[in-house]
2 protein chains.
Amino acid sequence: MSRSNPRVLSTLERAGGFASAQEVYRLMQREGERIGLTTVYRSLQSLVNDKIVDVLRRDDGEAIYRLCGEAHHHHLVCKSCGDTVEIEGGAIEKWAKVMAEEHGFREVGHTAEIFGLCAKC
Amino acid sequence: MSRSNPRVLSTLERAGGFASAQEVYRLMQREGERIGLTTVYRSLQSLVNDKIVDVLRRDDGEAIYRLCGEAHHHHLVCKSCGDTVEIEGGAIEKWAKVMAEEHGFREVGHTAEIFGLCAKC
DNA sequence: AACGGGAATGAAAATCATTTTCATTTGTGG
DNA sequence: CCACAAATGAAAATGATTTTCATTCCCGTT
């Protein structure tokens with residue numbers, strides 16, 4: 001079993017704590033790192049195993065990774081121009097926790113995105 | 001744009017309301033239906049557009065479809081066994097509306113899912 | 001019944017993320 | 001310096017999903 005390449009983790013951190021394997025890879029390429037896609041995948045898997053990062057799924061099925069415990073935020077996305085605003089989601093955290101408890105769920109995480117038309121569009 | 005093939009919906013119902021496109025296809029084949037995989041995908045997509053079925057993701061990223069009971073709800077999904085509970089999201093509706101207004105967004109929609117380990121797992 | 005046009009169909013090819021294979025490189029202890 | 005295990009990555013394999021495109025089906029009109 002391979003161990004995680006530290007540069008992958010540091011790139012994920014720099015990405016704002018939310019990126020797919022492909023995105024991490026592209027980011028590293030753009031920054032001149034010499035690394036293979038395979039290693040990126042392996043490192044992310046290993047980080048997930050070690051519970052250092054969480055894995056979620058985008059609507060299109062692509063896996064996205066983010067640092068565990070990192071203060072996470074949500075997104076307000078314009079469906080026309082793609083402009084994105086990071087928003088705070090205290091209400092969601094509470095809602096998720098309550099709902100989970102109510103149904104006996106443990107180790108809960110959540111996703112939440114709002115989309116619409118921004119002021120410009 | 002194509003409309004849904006009714007046999008796809010009836011097969012999904014018979015499947016217990018929880019199946020991937022591939023599974024629906026295999027099921028129909030096994031039952032002697034003459035249908036193409038493409039049509040299964042197209043029908044399911046169309047059913048999702050019409051909000052007649054919901055689409056979720058398995059841990060491996062495969063999309064699973066099932067009949068949608070109510071109007072608008074959210075999901076509490078077990079990441080181990082895939083068990084799903086439909087939950088009410090009044091708090092989310094309000095949150096989404098407030099956040100959108102705050103940033104000048106119009107025509108907003110949202111997605112929100114909670115995932116964790118259910119009581120059994 | 002023959003015709004025409006648009007919708008529906010599906011086989012095959014294309015796409016895309018992810019995994020596997022396998023040969024090569026690297027690092028470390030002896 | 002050597003041997004050997006771990007790490008790496010290019011390329012091929014996999015598997016779901018989408019696209020392409022030629023064919024078939026349906027339906028109203030002549």
Side-chain angles (χ1 to χ4, degrees), chain A residues 1-12 15-66 79 82 111 113, chain B residues 1-12 15 17-66 68 77 79-80 82 84 111 113 115:
Chain A
M1 191 58 61
S2 71
R3 224 156 313 121
S4 161
N5 181 318
R7 289 175 294 151
V8 169
L9 179 54
S10 103
T11 303
L12 183 59
F18 232 152
S20 70
Q22 302 281 345
E23 285 164 356
V24 169
Y25 175 64
R26 274 180 240 125
L27 236 149
M28 294 182 79
Q29 295 252 299
R30 224 175 295 138
E31 289 173 1
E33 300 259 24
R34 253 185 281 91
I35 195 168
L37 185 54
T38 314
T39 300
V40 172
Y41 272 104
R42 272 195 288 240
S43 292
L44 287 172
Q45 268 165 6
S46 158
L47 289 168
V48 169
N49 285 342
D50 297 349
K51 304 205 189 292
I52 293 167
V53 311
D54 263 348
V55 56
L56 303 179
R57 291 272 167 190
R58 288 222 183 99
D59 269 3
D60 67 354
E62 191 173 359
I64 49 180
Y65 305 84
R66 106 181 150 194
K79 32 185 177 183
T111 55
E113 304 260 329
Chain B
M1 198 49 60
S2 71
R3 226 157 310 124
S4 161
N5 182 317
R7 291 174 294 151
V8 170
L9 179 54
S10 102
T11 303
L12 183 58
F18 225 148
S20 71
Q22 302 280 345
E23 284 163 357
V24 168
Y25 175 63
R26 274 180 239 125
L27 236 149
M28 295 181 79
Q29 295 253 300
R30 225 175 294 138
E31 289 173 2
E33 300 258 26
R34 252 185 282 90
I35 195 167
L37 184 55
T38 315
T39 300
V40 172
Y41 272 105
R42 273 195 287 239
S43 293
L44 288 171
Q45 268 164 6
S46 157
L47 289 168
V48 168
N49 285 342
D50 297 349
K51 306 205 189 291
I52 293 168
V53 311
D54 262 348
V55 55
L56 301 179
R57 294 273 167 187
R58 290 221 182 98
D59 266 4
D60 67 354
E62 191 173 0
I64 49 180
Y65 304 83
R66 60 175 213 163
C68 183
V77 188
K79 34 185 174 182
S80 171
T84 303
T111 56
E113 305 259 328
F115 47 89

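Lettering of chains follows the sequences in order, A, B, ..., and the numbering in each one begins at 1.
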Does a side-chain N or O of [X] approach OP1 or OP2 of [N] to a distance below 4.0 Å, or not?
X: B/Q45; N: D/dT17; result: no
X: B/Y41; N: D/dT18; result: no
X: A/N5; N: D/dT8; result: yes
X: B/T38; N: C/dT9; result: no

Which listed nucleotide ([options]) is nearest to the side chain of [X]?
X: A/A21; options: C/dT9, D/dG9, C/dT18; result: C/dT18
X: B/E62; options: D/dT8, D/dA16, C/dA17; result: D/dA16
X: B/R3; options: C/dA8, C/dT21, D/dA16; result: C/dA8

Taking atom [atom2] of [N] as reference, at what distance in whole Å does atom [atom1] of [X] sit?
X: B/L37; N: D/dA16; atom1: CG; atom2: P; value: 9 Å
X: B/R42; N: C/dA8; atom1: CZ; atom2: P; value: 9 Å
X: B/R58; N: C/dT18; atom1: CZ; atom2: P; value: 17 Å

Heavy-atom distance under 4.5 Å between the side chains of [X] and [Y], does that happen here?
X: B/I64; Y: B/D54; answer: no
X: B/Q22; Y: B/E62; answer: yes
X: A/R26; Y: A/E23; answer: yes
X: A/T11; Y: A/Y25; answer: no

What is the nucleic acid contact for A/R34, judged by heavy atoms within less than 4.0 Å: base, sugar-phosphate only, or nothing?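 Sugar-phosphate: the residue A/R34, judged by heavy atoms under 4.0 Å, touches backbone atoms but no base.
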